[in-house]
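What follows is a single structure, written as structure tokens, with notes after it.
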Amino acid sequence: MQINGLPAHALLVHLVVVLLPLTALAAVAVSVWPAAQRKLTFLVPLGAVVGLVAVPVTTRAGNDLAAHLGNPAFINHHRSLGSMVLPWAAALAVTTLAQWLLLRRGTSRAVRTTVAVLVVGSAVGTAVIVALAGDAGARAVWGGR
């Protein structure tokens with residue numbers, strides 16, 4: 001898969017690497033700061049859903065690139081970490097959507113706190129796995145394989 005003659009993975013990966021950690025950071029802010037809840041409203045679940053949709057597209061482009069390169073062994077670590085991004089991105093999307101819906105409806109403090117803990121957990125997990133996969137990919141491309 002190519003975009004304008006360039007490997008699509010090299011371009012699409014930036015959407016995932018930037019959007020998901022920023023969304024994760026915003027999700028934590030919404031969970032702990034009432035002012036962020038009012039300011040970021042639907043932007044957090046929107047970012048999480050767009051990030052979730054971008055992950056399989058980016059993964060497919062990465063698999064196409066790997067096949068084009070002959071599936072070199074030095075990308076195996078990156079590929080294994082990259083395969084773990086989708087479940088974490090899905091968790092972030094589901095929890096932030098749930099939080100957004102619950103905040104709009106005005107639920108009990110216990111329910112809001114429980115959902116906030118789940119959002120923070122999925123946000124931290126997403127940010128960590130994206131950082132690890134991105135680092136492994138950068139090392140595979142730029143050396144230190």
Side-chain angles (χ1 to χ4, degrees), residues 1-4 6-67 71 73-145:
M1 183 184 311
Q2 293 186 349
I3 297 175
N4 206 19
L6 297 172
H9 183 71
L11 301 172
L12 294 170
V13 73
H14 290 90
L15 177 63
V16 172
V17 170
V18 172
L19 184 60
L20 283 177
L22 283 176
T23 300
L25 183 63
V28 171
V30 165
S31 296
V32 299
W33 189 25
Q37 291 172 3
R38 292 185 298 275
K39 301 264 190 227
L40 298 175
T41 60
F42 70 93
L43 294 176
V44 173
L46 178 63
V49 168
V50 170
L52 174 61
V53 170
V55 170
V57 176
T58 303
T59 302
R60 180 172 175 224
N63 288 334
D64 289 351
L65 177 59
N71 291 308
F74 64 82
I75 65 163
N76 287 340
H77 183 58
H78 172 61
R79 182 181 281 164
S80 68
L81 289 169
S83 70
M84 290 189 271
V85 174
L86 185 61
W88 282 104
L92 183 64
V94 168
T95 57
T96 57
L97 279 167
Q99 183 178 51
W100 177 65
L101 290 171
L102 291 173
L103 289 172
R104 288 176 47 104
R105 291 192 177 142
T107 59
S108 71
R109 183 179 194 146
V111 171
R112 286 192 318 266
T113 301
T114 301
V115 171
V117 168
L118 293 172
V119 168
V120 169
S122 66
V124 169
T126 300
V128 168
I129 197 63
V130 167
L132 291 172
D135 180 66
R139 289 181 187 278
V141 171
W142 300 108
R145 301 174 182 172

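- Side-chain contact between Leu86 and Pro56: present, with at least one pair of heavy atoms (C-beta onward) separated by less than 4.5 Å.
- Heavy-atom minimum distance, Ala48 versus Thr23: N-CG2, 3.5 Å.
- Annotation: salt bridge (Lys or Arg N to Asp or Glu O under 4.0 Å) contacts of Asp135 (sequence neighbours excluded): Arg139.
- Looking only at distances, no side-chain donor or acceptor of Gln2 sits under 3.5 Å from a matching main-chain atom of Ala8.
- The two atoms that bring Met84 and Pro87 nearest to each other are O-CD, 3.3 Å, heavy atoms only.
- A donor-acceptor pair under 3.5 Å is absent between the side-chain atoms of Thr41 and the main chain of Arg38, judged by distance alone.
- Between the NE2 atom of His9 and the CG atom of Leu65 there is a distance of 7.0 Å, given to the nearest 0.5 Å.
- The side-chain heavy atoms of Asn63 and Arg79, taken from C-beta on, include a pair separated by under 4.5 Å.
- Every side-chain contact (heavy atoms from CB on, under 4.5 Å) that Ala90 has, sequence neighbours left out, goes to Leu52.
- By the 4.5 Å heavy-atom criterion applied to side chains, Thr95 and Val115 are not counted as neighbours.
- With a 4.5 Å cut-off on side-chain heavy atoms, Leu6 and Leu11 count as touching.
- Partners of Val50 by side-chain contact (heavy atoms from CB on, under 4.5 Å), not counting sequence neighbours, listed by chain and number: Leu19, Leu46.
- Of all non-hydrogen atoms in Ala133 and His78, the two that sit nearest each other are O-ND1, 2.8 Å.
- The residue from Leu22, Leu15, Val16, Leu20 that alone fulfils the side chain to side chain contact (heavy atoms under 4.5 Å, CB included) condition with Val18 is Leu22.
- Under the 3.5 Å distance criterion, the side-chain polar atoms of Arg112 are matched with a main-chain donor or acceptor of Thr107.
- Between the CZ atom in Arg60 and the OG1 atom in Thr58 there is a gap of 12.0 Å [rounded to 0.5 Å].
- Taking both residues in full, the closest heavy atoms of Trp100 and Pro45 are given as CB-CG, 3.8 Å, listed atom of the first, atom of the second, then distance.
- Here the closest heavy-atom approach between residue Ala29 and residue Ala36 is recorded as O-CB, 3.6 Å.
- In terms of heavy atoms, Gln99 sits closest to Ser31 at NE2-OG, 3.0 Å.
- Atom-to-atom distance recorded for His77:NE2 and Leu81:CG is 4.0 Å, nearest 0.5 angstrom.
- Here the CG atom belonging to Leu92 is positioned 12.0 Å from the CG atom belonging to Leu118, to the nearest 0.5 angstrom.
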